[in-house]
Amino acid sequence: APFIATTSAPVNIACIKYWGKRDTKLILPTNSSLSVTLDQDHLRSTTTSRADPSFKEDRLWLNGVEENIKSGGRMATCISEMKRMRKELVEDVDASAPKLSTFSVHIASYNNFPTAAGLASSASGFAALTASLAALYALPSPPTTLSLIARQGSGSACRSLLGGFVAWNAGELASGLDSNAVQVAPESHWPDIHALICVVSDTKKGTSSTSGMQRTVETSALLQHRIKHCVPQRMADISAAILARDFDRFAEITMADSNQFHAVCLDTAPPIFYMNDVSRAIIAVIEEYNRVALLPENGGKRKAAYTYDAGPNAVIYAPAANIKEIISLIIHYFPQQDAFKDPFGLFGTAGVG
Ligand code: DP6
């Protein structure tokens with residue numbers, strides 16, 4: 001029988017942003033982060049891995065196009081770490097297990113969303129790669145252990161190995177062994193929360209996350225304030241809000257952290273701008289929507305939360321009951337945004353899971 005395995009991993013969208021590394025090789029962050037993993041139906045990567053004694057070298061295809069695996073690079077690191085785990089956890093333990101760690105692998109990965117959409121595919125991509133090799137190698141490791149490997153592909157990828165609400169602990173060890181992803185709550189704890197993705201621009205971003213965050217670490221004093229005085233409290237507060245299913249508090253913290261992340265980008269020298277005029281106009285619409293919702297006669301609670309990653313696209317979190325109203329609002333204010341009605345579901349809602 002051939003040695004082959006296929007696995008999918010969804011995109012995750014951070015509420016408390018990861019921005020900054022204390023170790024660029026191991027990808028160890030300067031702060032903890034927390035995200036929501038979207039459900040498998042909408043934005044995901046699917047990866048097939050195959051090991052065979054006849055393969056001469058490790059090879060990789062992304063969306064059907066072969067990519068070079070740079071020696072010593074992130075992809076090569078993930079593959080060799082997974083082979084090491086296969087050897088230590090399976091082959092060294094069970095002498096009858098096939099020596100898959102000595103075979104080369106062929107890996108093919110597809111995204112079910114256009115890469116050009118400007119939505120991060122590295123998180124789902126490296127999570128799917130790690131999960132697929134873990135299945136191929138029959139590793140007994142739980143997702144939190146596998147997150148240590150996905151993290152070395154792309155930091156945010158470690159969070160996509162778990163569903164629902166996920167924290168990535170910054171950790172303290174130089175080895176990175178305590179810098180892993182853990183589930184705060186499963187999707188079933190709070191299925192009412194939905195994510196609406198508004199594709200403001202589908203062109204590729206100017207500054208990559210990797211180089212942008214490094215420049216922030218080197219030049220921003222505000223980042224040091226954020227790491228020390230803001231993120232730890234926010235991590236505790238948003239975890240409590242999730243456990244209590246308190247959307248108002250969840251929304252308040254999520255928007256504050258998105259805005260601080262973009263402030264830290266502006267505090268970088270030279271400054272980094274990820275949001276554009278449409279992004280900022282969407283913020284204004286959601287702020288006004290919440291201002292009205294916060295009036296005592298309207299219930300006194302926020303009804304939506306925006307968040308922006310390293311690009312202009314908005315992700316809006318809201319309870320299911322508000323999603324239709326929010327879509328009408330956005331279409332009313334931004335009738336020119338064709339991408340919002342894209343059949344790929346880019347302007348659809350994604351449940352969490
Ligand atoms: C703004 O995980 O893409 O989306 O670790 O260098 O690959 P590397 O960076 P990446 O950064 C994601 C940054 C972010 C915030 C987040 O997802 O937490």
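Note that these values count all heavy atoms, side chains included, but never hydrogens, waters or copies made by symmetry. All of these numbers come straight from a predicted model, not from anything done at the bench. For ligands, and for the atoms within them, numbers begin at 1 and follow the listed sequence.
Taking a 4.0 Å cut-off on heavy atoms, Trp168 fails to register as neighbouring ligand 1.
By the 3.5 Å distance cut-off applied to N or O atoms, Trp19 is not counted among the residues near ligand 1. Checked by distance only, ligand 1 and Tyr18 come closer than 3.5 Å through their nitrogen or oxygen atoms. Checked by distance only, ligand 1 and Thr210 come closer than 3.5 Å through their nitrogen or oxygen atoms. For Gly155, a nitrogen or oxygen atom sits less than 3.5 Å from a nitrogen or oxygen atom of ligand 1, counting backbone and side chain alike.
Shown in contact with Lys21 at under 4.0 Å from a heavy atom are these atoms of ligand 1, numbered in order with element: 5 (O), 6 (O), 8 (P). For ligand 1, the atoms lying closer than 4.0 Å to a non-hydrogen atom of Ala14 are 16 (C), 17 (O), 18 (O). The Phe261 neighbourhood of ligand 1 comprises atoms 1 (C), with distances under 4.0 Å to a heavy atom of that residue. Of all the atoms in ligand 1, the ones that sit under 4.0 Å from a non-hydrogen atom of Met213 are 9 (O), 11 (O).
There is no side-chain donor-acceptor pair under 3.5 Å between Thr144 and Asn180. Checked by atom type, the side-chain pair Lys17/Ser35 shows no donor-acceptor distance below 3.5 Å.
When non-hydrogen atoms are compared, ligand 1 lies under 4.0 Å from the backbone of Ser156 as well as from its side chain. Under 4.0 Å from ligand 1, heavy atoms of Ser154 appear from its side chain as well as its backbone. Of the heavy atoms in Ile27, only side-chain atoms (C-beta onward) come closer than 4.0 Å to ligand 1.
Annotation for Lys301: atom NZ does not count as buried by contact number, only 12 or fewer foreign heavy atoms lying within 6.0 Å. Residue Lys228 qualifies as open at atom NZ: its count of foreign heavy atoms under 6.0 Å is 12 or below.
For atom 17 (O) of ligand 1, the choice among Lys17, Arg74, Arg159 with the nearest heavy atom turns out to be Arg159.
Between Ile282 and Phe334 there is a side-chain heavy-atom pair separated by less than 4.5 Å. A heavy-atom distance below 4.5 Å is not found between the side chains of Phe165 and Glu187. Within the 4.5 Å cutoff, no side-chain heavy atoms of Arg50 are placed close to those of Val105.
Salt bridge annotation for Glu88-Arg84: present, with a cationic side-chain nitrogen under 4.0 angstrom from a carboxylate oxygen.
Phe103 and Phe55 have their aromatic ring centers separated by at least 6.0 angstrom.
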